[in-house]
Q: 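First the structure, which I've put down as structure tokens, then a few questions once you've had a look.
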2 protein chains.
Amino acid sequence: MNGTKYEHDEDAAAALRQTSLRVTKQRIAVLDAVRDHPHADTETVIRSVRESLPAVSHQAVYDSLHTLTEVGLVRCIQPSGSVARYERRIGDNHHHLVCRSCNLIVDVDCTIGQAPCLTPSHDAGFVIEQAEVTFWGLCPDCAHVGVQAAGDSQPSVV
Amino acid sequence: MNGTKYEHDEDAAAALRQTSLRVTKQRIAVLDAVRDHPHADTETVIRSVRESLPAVSHQAVYDSLHTLTEVGLVRCIQPSGSVARYERRIGDNHHHLVCRSCNLIVDVDCTIGQAPCLTPSHDAGFVIEQAEVTFWGLCPDCAHVGVQAAGDSQPSVV
DNA sequence: AACCTTTCCTTGACTGATTCAAAAGAACCA
DNA sequence: TGGTTCTTTTGAATCAGTCAAGGAAAGGTT
């Protein structure tokens, strides 16, 4: 049943042990699922987890994702119009490209270097912890389709 | 009933006439509500609209907000963990400061100048239309409370 | 001004993501 | 191993947002 996954299990278990959280099958499976499906929504995580643990409740996945987000083992992103999505790549404050047409999400490195990697023109007195950048546009595939399909059905740049 | 609001009504009506949309009481009231409550969520817009038009349905407000967003008279933003919020300031691609503690949202001018005002380090072949920046942190009030209240209950910077 | 067409609003039900709460179960410390 | 505490299951509930059909209003036409 759990033969060829030692690496994953060990990575996830080790990460959990470094927190004060208990090491449970469910949390390990959630961590693996998020690693294997970058930017997955909760539904996808549930399906993936159930491949190895068919009986997990959706609530366990919701709880795990929340808890793991709180301790910083996963990061939750939520581009406008999207449900919550999760990723395992953390700590480097990278950003995202989102395709307006097919909703593909791709990582991009932080524009300048370390968080916060940008400074607003005036900060209104805020103590700024993080700058989150989302680049909206068209992925290579969708951009080509737009060009091929007549050219002027795709309106102007914002 | 509608005595002292000529300025607002005229602004909103004029904006609507410049589109191909019909000029209706409901849409004017929605435009005024969004102007009077920057970054308001739909619930707030509904309450505000009902001050002048008690009988509007929530569906009319949802429809209006969608339609007005489509034609570009309002802009919809959705910081992670928040419901949809709307603003009347459009066309300048400004960005937002969001307080992690009280959810206050404040506008900041575009960091460099025109959209897209940032360029990712590598674009993965995307055609980029817009860069959306959200600065997360603590507003002046919440930052002060954090400092006063013992200093180490408020954890580290991300 | 009356009419007609098209677009818009109201009504009421519904969906889908997420959350709540209580009880059963599993992890970890002694 | 035994007990305590933290997790998971179960089942129901909430909340933002959507769907669909009929009635109403806007704005052009006569």
Side-chain angles (χ1 to χ4, degrees), chain A residues 2 9-10 12-31 33 39-50 52-71 73-74 76-86 103, chain B residues 2 9 12-31 33-34 39-50 52-71 73-74 76-86 103:
Chain A
N2 47 13
D9 288 354
E10 282 316 308
L16 281 170
R17 276 193 214 94
Q18 288 177 359
T19 71
S20 54
L21 296 177
R22 293 197 173 164
V23 180
T24 68
K25 293 191 288 284
Q26 292 86 343
R27 284 175 180 163
I28 291 172
V30 167
L31 278 170
H39 314 121
D41 59 15
T42 311
E43 179 59 30
T44 303
V45 174
I46 291 175
R47 274 206 307 275
S48 173
V49 166
R50 284 185 176 155
S52 49
L53 296 174
V56 261
S57 62
H58 75 156
Q59 190 62 246
V61 174
Y62 273 98
D63 280 352
S64 297
L65 287 171
H66 282 172
T67 311
L68 295 171
T69 301
E70 257 168 38
V71 301
L73 288 183
V74 303
C76 175
I77 60 171
Q78 234 175 312
S80 284
S82 170
V83 296
R85 292 171 174 280
Y86 297 87
N103 298 314
Chain B
N2 47 12
D9 288 354
L16 281 171
R17 276 194 212 93
Q18 288 177 0
T19 71
S20 55
L21 297 177
R22 294 201 170 161
V23 180
T24 67
K25 295 191 288 283
Q26 292 87 346
R27 284 175 180 162
I28 290 172
V30 168
L31 278 170
V34 173
H39 315 121
D41 59 14
T42 310
E43 179 59 30
T44 303
V45 174
I46 291 176
R47 274 205 306 276
S48 172
V49 166
R50 285 186 176 155
S52 48
L53 295 174
V56 260
S57 63
H58 78 156
Q59 190 62 246
V61 175
Y62 273 100
D63 281 354
S64 297
L65 287 171
H66 282 172
T67 310
L68 295 172
T69 301
E70 258 168 38
V71 300
L73 288 184
V74 304
C76 175
I77 61 170
Q78 236 175 311
S80 284
S82 170
V83 294
R85 293 171 175 278
Y86 296 87
N103 299 313

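On a predicted model such as this, the values are computed, not experimentally measured, just so you know. By convention in this document, chain letters (A, B, ...) are assigned in the order of the sequence lines, proteins followed by strands, and residues within each chain are numbered from 1.
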Q: Can you list the residues that meet the ring pair (Phe, Tyr, Trp, His ring centres under 6.0 Å) rule with A:H66, with sequence neighbours excluded?
A: none
Q: Mind checking A:D63 for me? I need base, sugar-phosphate or nothing, with any heavy atom below 4.0 Å counting as a touch.
A: base
Q: Using the test salt bridge (Lys or Arg N to Asp or Glu O under 4.0 Å), find all partners of B:E70 that sit at least two apart in sequence or belong to another chain.
A: none
Q: Can you check each nucleotide of nucleotides 17-30 of chain D against protein heavy atoms at under 4.0 Å and return B for base, S for sugar-phosphate only, - for none, in 5' to 3' order?
A: BBBB----BBS---
Q: How would you list, by chain and number, every residue that makes a side chain to side chain donor-acceptor pair (under 3.5 Å) with B:S82, sequence neighbours excluded?
A: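 Expected list: B:R85.
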Q: Got a sec, which residues hit salt bridge (Lys or Arg N to Asp or Glu O under 4.0 Å) with A:R22, two or more places apart in sequence or on another chain?
A: none
Q: Could you tell me which residues satisfy side-chain contact (heavy atoms from CB on, under 4.5 Å) with A:V83, sequence neighbours excluded, listed by chain and number?
A: A:D41
Q: I'd like to check A:I28 versus A:V23 (side-chain heavy atoms, cut-off strictly below 4.5 Å). Are they in contact?
A: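 The answer is yes; the side chains approach within 4.5 Å.
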Q: Please identify the 5'-most and 3'-most nucleotides of DNA chain C with any atom under 4.0 angstrom from a heavy atom of chain A.
A: C:dA17 to C:dC28
Q: Mind checking what makes side chain to side chain donor-acceptor pair (under 3.5 Å) contact with B:T42, not counting sequence neighbours?
A: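 Expected list: none.
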Q: Once side chain to side chain donor-acceptor pair (under 3.5 Å) is applied, do any residues pair with A:T67, and if so which ones, sequence neighbours excluded?
A: none
Q: Using the salt bridge (Lys or Arg N to Asp or Glu O under 4.0 Å) criterion, which residues pair with A:R50? Sequence neighbours excluded.
A: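 Listed in chain order: nothing, the list is empty.
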Q: Please name all residues satisfying side-chain contact (heavy atoms from CB on, under 4.5 Å) with A:A84, sequence neighbours left out, ordered by chain then number.
A: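 side-chain contact (heavy atoms from CB on, under 4.5 Å) check on A:A84 returns A:C76, A:Q78, A:Y86.
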Q: What's the angle between the local helix axes at either end of the helix from C:dA1-D:dT30 to C:dA30-D:dT1, using five pairs per end and rounding to 10 degrees?
A: 30°
